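Since this is a predicted model, take the numbers as computed values, not measurements. Sequence lines set the chain letters: A, B, ... in the order given, protein chains first and strands last, and positions in each chain run from 1.
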2 protein chains.
Amino acid sequence: MDKREIFTEISLFKRILEEKGLKFSKQRKLILEQFFIEEKHLNVEEIYQRLKKYNIGLATVYRNVKIFNNIGLLKEIVVDEVSYYELKIYSKKPLHIHFKCISCNDIIDVDERKIVLEYLKLNKDMEDRNGFEIYDVNIMFYGYCQKCKGCK
Amino acid sequence: MDKREIFTEISLFKRILEEKGLKFSKQRKLILEQFFIEEKHLNVEEIYQRLKKYNIGLATVYRNVKIFNNIGLLKEIVVDEVSYYELKIYSKKPLHIHFKCISCNDIIDVDERKIVLEYLKLNKDMEDRNGFEIYDVNIMFYGYCQKCKGCK
DNA sequence: TTTTTTGCAAAGACTTTGCATTGGA
DNA sequence: TCCAATGCAAAGTCTTTGCAAAAAA
């Protein structure tokens, strides 16, 4: 995503905040930008480490990721007891499958049509066999990513 | 599981603890028994609530579920940022699929051969398409269980 | 008796909240 | 200007740790 596109997205977020009566503060802009600088899942600590040089308070990060999650700008995923956040615009999928590398700790989104189809069958089986009514699912794979596979 | 069988299992746990040089204290016995009284997933708080009448300390529960997890008597699963434990003897399956009811909060083990087969296909796809090497997977379904489906 | 385990209380880690001050529209 | 948002510090949670006393073997 180039600088112009990021600018467009950030402007959109500004509008969304303003529609909710929320202000587009310097700190909120900085937090949201982090998700464009590196398109990955970030937790509060990671965001804070990147922004503390701007004198941002840790409580501000906690407060705002929670707000952004509530108004649907970010989506929270919990992995190993830690909350990570990702841009909601990247998570408009029928379900969420994540992969966490046990070497580099990166969390990767899995987004393959065929895998989603396999999953749908799994879901239907679950409902039929157990009498459940399923609303959401969370699939987490753990292992080595392509990058780390060679040098473990 | 009747009383005689529970007695046999508990005796086995006593032996396992003794082999590791650990003592079979009254508190450890009580904690392990809870998993037989109700064959479900328990978190530290739930165990403590059941046992505080025996004057057991919360720290003792924390310490021991951790020990039992390390020596393989219990298996830890993390759901919504809370650690639950279950007897390892009930978790000797090729993979772990859980279902959490959003009404009664019960966590149910899913253990259907056909679902496991679907999963294995999913796993292979993941490795082939993304170049991952998968070691573990965690699948959590959320929805209404059969019991709660009617009265939501 | 000897060593481990316990309960308690204190200390840590992480997150939220209260409040005076600052800042955005 | 006016109200929302911020940084800070204090207060909550939840979990771990230190230690003297108690309990296993």
| query | Quick one: on DNA chain C, does B:Ile67 or A:Glu18 contact a more 5' nucleotide (nearest heavy atom)? | reply |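 Between the two, 5'-proximity favours B:Ile67.
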Could you state the [atom1]-[atom2] distance from [X] to [N], rounded to the nearest angstrom?
X	N	atom1	atom2	result
A:Asn69	C:dT16	CG	P	11 Å
A:Ile71	D:dA5	CD1	P	10 Å
B:Leu58	C:dG12	CG	P	19 Å
A:Lys26	D:dT6	NZ	C1'	9 Å
B:Tyr48	D:dC14	OH	P	13 Å
B:Leu51	C:dG7	CG	C1'	14 Å
A:Leu30	D:dG7	CG	C1'	15 Å
A:Arg63	C:dC14	CZ	P	19 Å

| Flag side-chain contact, heavy atom, 4.5 Å: A:Ile77 against A:Ile107 |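 In short, these two side chains touch, coming nearer than 4.5 Å.
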| field | Residue pair A:Leu42 / A:Arg50, side-chain heavy-atom distance below 4.5 Å | value |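 Yes, their side chains come closer than 4.5 Å.
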| message | Pick the closest DNA chain D nucleotide for B:Phe24 and for B:Tyr62 by heavy atoms, then say which residue is nearer the 5' end. | response |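 The 5'-side residue here is B:Tyr62.
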| message | Go nucleotide by nucleotide along DNA chain D from the 5' end; which of A:Val61 and A:Glu81 gets its closest nucleotide reached first? | response |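 Looking at the nearest nucleotide for each, A:Val61 comes out on the 5' side.
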| task | Describe the nucleic acid contact of A:Glu45 in one word from base, sugar-phosphate, nothing, applying a heavy-atom distance below 4.0 Å. | result |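 No contact.
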| query | Within the side chain of B:Glu81, is there an N or O that forms a donor-acceptor pair under 3.5 Å with the backbone of A:Val78? | reply |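 Between the backbone of A:Val78 and the side chain of B:Glu81 there is no qualifying donor-acceptor contact (under 3.5 Å).
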Report yes if a side-chain nitrogen or oxygen of [X] is closer than 4.0 Å to either non-bridging phosphate oxygen (OP1 or OP2) of [N]; otherwise report no.
X	N	value
A:Asn55	D:dT6	no
A:Gln27	D:dG7	yes
A:Ser25	D:dT6	yes

| field | Minimum heavy-atom distance between B:Lys149 and B:Tyr144, given as atom pair plus value | value |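 Nearest pair, atom of B:Lys149 first, then B:Tyr144: CA-CB, 4.1 Å.
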| Can B:His41 and B:Asp109 be counted as having a side-chain donor-acceptor contact under 3.5 angstrom? |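 Yes, B:Asp109 and B:His41 have a side-chain donor paired with an acceptor closer than 3.5 Å.
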| message | Any donor-acceptor pair, under 3.5 Å, between the side chain of A:Arg28 and the base of C:dG23, if you only look at N and O atoms? | response |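 Such a pair does not exist between side chain and base.
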| Would you say the base of C:dT3 and the side-chain of B:Lys23 have a donor-acceptor pair closer than 3.5 Å? |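 Checked by distance alone, the answer is yes.
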| query | Side chain of A:Thr60: nearest nucleotide among C:dT5, D:dA5, D:dT6? | reply |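 Closest of the options to the side chain of A:Thr60: D:dT6.
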